[in-house]
2 protein chains.
Amino acid sequence: MAIEDNSVNIKSDGAKAAGAYHHGDLRAAVIAAGLKRLAAGDDGELGLRALARDVGVSATALYRHFPDKEALLDALADEGLRRLGALQAQAWLKAGGKVGGFKAIGAAYVRFAHDEPALFRLSFTRQMPDRKDEEDGGEVAYNLLRAGIGEALPGVTEPDAAALHAWALVHGLAMLILDRRIDWDEALVDKVVGLTFGGLAR
Amino acid sequence: MAIEDNSVNIKSDGAKAAGAYHHGDLRAAVIAAGLKRLAAGDDGELGLRALARDVGVSATALYRHFPDKEALLDALADEGLRRLGALQAQAWLKAGGKVGGFKAIGAAYVRFAHDEPALFRLSFTRQMPDRKDEEDGGEVAYNLLRAGIGEALPGVTEPDAAALHAWALVHGLAMLILDRRIDWDEALVDKVVGLTFGGLAR
DNA sequence: TCGGTATGTTTACAGTGGCAACATTATGGC
DNA sequence: GCCATAATGTTGCCACTGTAAACATACCGA
């Protein structure tokens, strides 16, 4: 066969170069393809074969990078939590911290669920087996919330109960919206979140 | 074949009588078997074949009573919502209505999720396509909550926001517990629910 | 009694996740 | 530079899933 000068098979998009045997970074490409699929349809139709086809690789190739499908979904879920955490941090900064920032975090939580329903659901439905040593994405999001309470609401008597309260509220709103129990209404969400989060700072 | 005197094949448990061709009330039996399976394991392993085997019938027989698996799951979900509604009504009465009853409704909601995780999740994950004429189980539960607000908290300024707030809070708590984000702790739940529901009655 | 209708069974098919054996490419020690 | 070896990808296969089609059996009204 003729000489191929590509030392490694670099492709910015996920697809493998035609005729190439090794992909380059299959693991990352599969995760990217999965996220794209989750973002595209409300019902995340992700199967190993479909995912593999997106990337241009045979289905069983994925098993070189993930022990099983669950592990793949875990990776996607973790990426979702990481993005949520990033959005919340951004919202907090943009609002200048304090009570306003606290409310912004809550609103960002619900908005993320609305914008990426399949990813959000996947991220939270997946139940982590037991704590691994490396910090996962969910930890980041919760710690941010918890820290926000400490900084924004110094007068609160029971920060744990308050944090749980705030978290449960936005999570419940998000879930009810995803499951079509209530309609997405940004103004209403803001009102409820503000009412509660403000109420905590009594 | 010899004469069989059973005019209809009545079986109190779900299983079909050996040698009988018709079941008697397959639809109800399948739903009962599904509920039992949901109650047994946290992960609801319900497949058509397994369900059919529980009842003692071939897998495709279920298609005489449900157009597809989704419809079967819908029926199970509806039963779950109905039970939730019943528990809430019971809690309300037992607590004697008013603010106490209102809190009891919230606690019952979370407790149900904890006691029947698979059924609760199924009930809410299933998204109803569009309103049918006959009233479904979920409507009952919400109307009860909504009515509870009116009766228990006459002074509340915005009952819709308050109802949504209360619902989201307990739903979020329930979901976070199911997904192992937080541990089940009845005292903590009562505290959070009480704190919030009491707070609404300002 | 007879025929239609409801209910259940058998068989089969496409699609799924996953294992095993094989093929190909990258890499590190000599 | 050469070559053993690990890393990565492919093909073939298996058990299992939901479900459609054709056939069998039981019930019920005329």
Side-chain angles (χ1 to χ4, degrees), chain A residues 1-11 14-31 33-34 37 41 43-77 122 126, chain B residues 1-11 14-34 37 41 43-76 122 126:
Chain A
M1 190 176 288
I3 301 172
E4 294 282 354
D5 61 337
N6 306 11
S7 64
V8 117
N9 189 6
I10 300 177
K11 295 281 301 169
K16 187 178 70 170
Y21 198 96
H22 283 71
H23 179 106
D25 191 356
L26 186 65
R27 179 182 166 101
V30 166
I31 291 185
R37 240 164 217 281
D43 54 341
E45 309 170 353
L46 63 176
L48 293 190
R49 284 163 170 87
L51 234 18
R53 195 173 334 112
D54 287 354
V55 176
V57 106
S58 79
T60 52
L62 307 188
Y63 282 86
R64 301 292 158 175
H65 299 270
F66 304 93
D68 59 357
K69 191 188 182 185
E70 295 298 295
L72 203 173
L73 295 183
D74 282 344
L76 288 172
L122 178 71
R126 203 119 295 271
Chain B
M1 189 177 288
I3 298 172
E4 294 282 356
D5 61 337
N6 306 10
S7 65
V8 114
N9 189 5
I10 298 177
K11 296 279 302 170
K16 186 177 70 170
Y21 197 97
H22 282 69
H23 179 105
D25 191 355
L26 186 63
R27 181 184 166 100
V30 166
I31 291 185
R37 241 164 216 280
D43 55 341
E45 309 171 354
L46 60 175
L48 293 190
R49 282 166 171 86
L51 234 18
R53 194 175 334 113
D54 286 354
V55 177
V57 107
S58 78
T60 52
L62 308 187
Y63 282 86
R64 299 293 159 175
H65 298 270
F66 304 94
D68 59 356
K69 190 187 182 184
E70 295 299 297
L72 204 173
L73 296 183
D74 281 344
L76 287 171
L122 177 70
R126 204 121 296 272

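Lettering follows sequence order; numbering is per chain, from 1. No hydrogens, no waters, no symmetry mates; every other heavy atom, side chains included, goes into these values.
A donor-acceptor contact shorter than 3.5 Å is absent between the side chain of A:Asp74 and the backbone of A:Ala77.
Contact annotation: side chain of B:Arg49 to base of D:dG18, donor-acceptor pair present below 3.5 Å.
We find that CZ of B:Arg64 is positioned 12 Å from C1' of D:dT25, with the value rounded to whole Å. Rounded to whole Å, the distance from NZ on A:Lys69 to C1' on C:dG17 is 8 Å. What separates CG of A:Leu48 from P of C:dG15 is a distance of 15 Å, to the nearest Å. If you take CZ of B:Arg53 and C1' of C:dT9, they are 16 Å apart, rounded to a whole angstrom. Atom P of nucleotide D:dT17 and atom CG of B:Leu72 are separated by 15 Å, given to the nearest angstrom. For the pair A:His65 NE2 and D:dA7 P, the interatomic distance rounds to 12 Å; values are reported in whole Å. Distance, A:Leu26 CG to D:dT10 P: 9 Å, rounded to whole Å. The CZ-P distance, from B:Arg27 to C:dG8, rounds to 13 Å in whole Å.
Along DNA chain D, the nucleotide nearest to B:Tyr63 and the one nearest to A:Ser58 differ in position, and the one closer to the 5' end is contacted by A:Ser58.
Comparing D:dG9, D:dG12, D:dT19 against the side chain of B:Asp68 picks out D:dT19 as the nearest. The side chain of A:Thr60 approaches C:dC19 more closely than any other nucleotide in the set D:dA20, C:dG8, C:dC19.
When each of B:Val55, B:Val57, B:Leu76 is checked for a side chain to side chain contact (heavy atoms under 4.5 Å, CB included) with B:Val30, only B:Val55 meets the rule.
For the atom pair CZ (B:Arg27) and CG (B:Leu62), the distance works out to 11.5 Å, reported to the nearest 0.5 Å.
When all heavy atoms of B:Tyr63 and B:Leu48 are compared, the pair lying nearest together is OH-CD1, 3.3 Å.
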